[in-house]
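Here the structure is laid out as structure tokens; the discussion comes afterwards.
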Amino acid sequence: MVSERMKGLGTARSVIRELFEYGKLRAAEIGPENVFDFSIGNPSVPAPAAVNETAIRLLREQPDLIHAYTSAQGAPEARQRFADSLNRRFGASYTADRLYLTVGAAASLCCVFNGLTCPGDEFIVFAPYFPEYKVFIEGAGAKMVLIPPEIEAFQIDFDAFEKAVTPHTKGVLINSPNNPSGVVYSKATLERLAAVLTEKSQAYGHPIYLISDEPYREIVYAGVEAPWVPHIYRDTIVCYSFSKSLSLPGERIGYVLVPKEVAEGDDVYAAVAGAGRSLGYVNAPSLFQQVTSLCCDMTSDINIYEENAKLFVSALREMGYHVVEPGGAFYLFPRSLEPDDVAFSERAKKLDLLVVPGSGFGAPGHVRVSYCVQPDTIRRSLPKFKALADSYK
Ligand code: PLP
């Protein structure tokens, strides 16, 4: 006998993975240049040279030490460097003892959900959303409450949101810049969100935490402001990752920040650390604790994503697709040309164009297009998008 839930999770492939695997098989059949795979969010630009150089230097200088266990919550000097960097950038005064280093944003989120959840707790998530959130929240024994998308701008439907906040609401999860819409929440949206949370926390007599999942924080386009969320709402817990900003998804490194000001902050940090312990997420990879903390003020060359976005948005709009302008990350979320996004994605697949149905992100009638690819791939894919649009005329 095994856990049915875990067996289900271990055997069911995500739609994204399924398309990605299909793309690889198809590429072997007809050549990779003929498959336009926009399914997965794997950064297409390499990590900065300094990342590899730092890793090599540390391996040479500290060949034994660098592989040793660190403190469960991460090496103090690495945490201090992250705190210093945040303080420089955001005018804050965070301390090393409020950072918990762990294996990417996924583990950061799991530590937070597991650390916060008491019986009966709920977490609110806004569609469109990263589908793993449901797995993480339910894995912590909590309930995910989904707010339908506001499809004109992919900001927040506040009427639906306010109705969904109840005494059971332990936290609200946001992700800006967003996967899959690419949209960045405006300051006005965040301020309104903060006002509702402040009012509801007072009304219900307990804090409602805002969990800010920020793996795309650095990937924000010119003229777009991505406000520092803890400055807008006090009870914010930040989950960060170097998977996208430094193009290091395989190295599994990120952190949770529980600012001192957060309500019951000592307990929250202790519970996050306890969850890390109980989940076996202690001691994030030692080499990359050091490497990322020494390189955390730099990013990969993310300009290419902005160029890709411009190219894609204008071309698709010209063909008649409806696309909300992305402000960052590396995803577009156009409307499918028929209400059934799964059927639309299947029709695209017949043209060797791989786009992910929006239903899995809680936003049917859309598809996700990951444009972390070479600009040439986008250019060559445009006739396929045109053929797809024409097939609906
Ligand atoms: N959150 C969002 C919105 C993501 O898009 C991803 C990965 O694509 C993650 C979390 C997980 O990131 P990590 O690789 O740091 O675990």
Side-chain angles (χ1 to χ4, degrees), residues 86 89-92 109 112-113 116 121-130 133 137 142-217 219-221 223-240 257-259 261-265 268 323-329 331 333 361-363 366:
L86 291 170
R89 293 182 59 198
F90 301 116
L109 289 163
V112 171
F113 294 132
L116 290 180
D121 278 350
E122 298 178 351
F123 290 91
I124 292 179
V125 171
F126 300 101
Y129 71 105
F130 178 54
Y133 288 162
I137 291 171
K143 182 176 163 202
M144 181 176 100
V145 175
L146 189 62
I147 309 298
E150 178 280 282
I151 63 169
E152 292 311 317
F154 293 125
Q155 296 285 317
I156 289 177
D157 175 348
F158 276 98
D159 288 340
F161 169 56
E162 288 194 40
K163 285 189 199 115
V165 187
T166 73
H168 297 293
T169 308
K170 177 55 77 66
V172 172
L173 175 59
I174 56 169
N175 167 227
S176 168
N178 183 264
N179 174 9
S181 72
V183 160
V184 176
Y185 280 168
S186 67
K187 192 157 182 245
T189 293
L190 291 170
E191 283 175 349
R192 191 162 168 199
L193 179 61
V196 175
L197 292 181
T198 305
E199 186 205 312
K200 299 279 186 184
S201 298
Q202 275 162 10
Y204 298 139
H206 64 81
I208 299 178
Y209 296 101
L210 183 58
I211 300 140
S212 185
D213 177 31
E214 307 188 349
Y216 304 94
R217 182 168 72 216
I219 310 177
V220 175
Y221 303 154
V224 179
E225 189 200 358
W228 177 239
V229 183
H231 283 174
I232 296 180
Y233 184 64
R234 187 198 63 181
D235 295 337
T236 298
I237 301 167
V238 175
C239 294
Y240 188 72
L257 167 71
V258 183
E261 307 70 42
V262 161
E264 298 163 28
V268 174
V323 194
V324 174
E325 186 91 32
Y331 306 103
F333 204 53
F361 302 95
H366 296 81

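To the nearest 0.5 Å, atom OH of residue Y209 and atom OG1 of residue T236 are 11.0 Å apart. Going from atom CD of E150 over to atom CZ of F126 covers 11.5 Å, rounded to the nearest 0.5 Å. Note that NE2 of H206 and CD of E264 are 10.0 Å apart. Values are rounded to the nearest 0.5 Å. Taking CG of L197 as the reference point, atom CZ of R234 lies at 12.0 Å (rounded to 0.5 Å). To the nearest 0.5 Å, atom CD1 of residue I208 and atom CD of residue E122 are 10.5 Å apart. Interatomic distance, L210 CG to L190 CG, rounded to the nearest 0.5 Å: 8.0 Å.
Between L109 and D213, some side-chain heavy-atom pair lies under the 4.5 Å cut-off. Inter-residue side-chain proximity for I174 and L193 is flagged as met; some heavy-atom pair is nearer than 4.5 Å. Looking at heavy atoms from C-beta onward, Y204 lies in side-chain contact with V165 at the 4.5 angstrom threshold. Side-chain contact between F333 and V183: absent, with no pair of heavy atoms (C-beta onward) separated by less than 4.5 Å. Contact of the Y233 side chain with the T198 side chain is registered, since non-hydrogen atoms from C-beta on lie closer than 4.5 Å. At a threshold of 4.5 Å between non-hydrogen side-chain atoms, the residues V172 and F123 do not count as touching. Counting heavy atoms from C-beta outward, T169 and D121 have side chains that stay 4.5 Å or more apart. With contacts defined as side-chain heavy-atom distances shorter than 4.5 Å, the pair E225/K187 qualifies.
Here the closest heavy-atom approach between residue P128 and residue S181 is recorded as CG-CB, 4.1 Å. When all heavy atoms of V324 and E152 are compared, the closest pair comes out as CG2-O, 3.5 Å. Here the shortest heavy-atom pairing between V229 and E214 reads CG2-OE2, 3.9 Å. Contact detail for A164 and I124: the closest heavy-atom pair is O-CD1, 3.7 Å. Here the closest heavy-atom approach between residue P148 and residue A160 is recorded as CD-CB, 4.3 Å. Nearest heavy-atom pair across A263 and D235 is N-OD1, 2.9 Å.
The distance between the ring centers of F361 and F130 does not fall below 6.0 angstrom. In this structure, F154 has its ring center under 6.0 Å from that of H366. Between Y216 and Y331, the distance separating the two ring centers is shorter than 6.0 angstrom.
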*So I156 and I147, side chain to side chain contact (heavy atoms under 4.5 Å, CB included) or not? Walk me through it.*
CA-CA 9 Å; I156 289 177; I147 309 298; 5.7 Å; no
_Step-by-step side chain to side chain contact (heavy atoms under 4.5 Å, CB included) determination, S212 to I237_ = CA-CA 6 Å; S212 185; I237 301 167; over 6 Å; no
*Determine, step by step, whether L173 and M144 satisfy the side chain to side chain contact (heavy atoms under 4.5 Å, CB included) criterion, reporting the C-alpha distance in whole Å, the side-chain angles of both residues, the deciding distance to 0.1 Å, and the verdict.*
CA-CA 10 Å; L173 175 59; M144 181 176 100; over 6 Å; no
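Partners of F158 by ring-ring contact (aromatic ring centres under 6.0 Å, His included), not counting sequence neighbours: none found.
Judged purely by distance below 3.5 Å, without hydrogens or angles, the side chains of T189 and Q155 pair a donor atom with an acceptor atom. Residues Y185 and N178 have side chains that never bring a donor and an acceptor to within less than 3.5 angstrom of each other.
Open room surrounds NZ on K143; 12 or fewer heavy atoms of other groups in view lie less than 6.0 Å from it.
The backbone N or O of N179 sits less than 3.5 Å from a side-chain atom of N175, completing a donor-acceptor pair.
In this structure, H231 and W228 have perpendicular ring planes: the angle between them is above 60°, well past the 30° mark.
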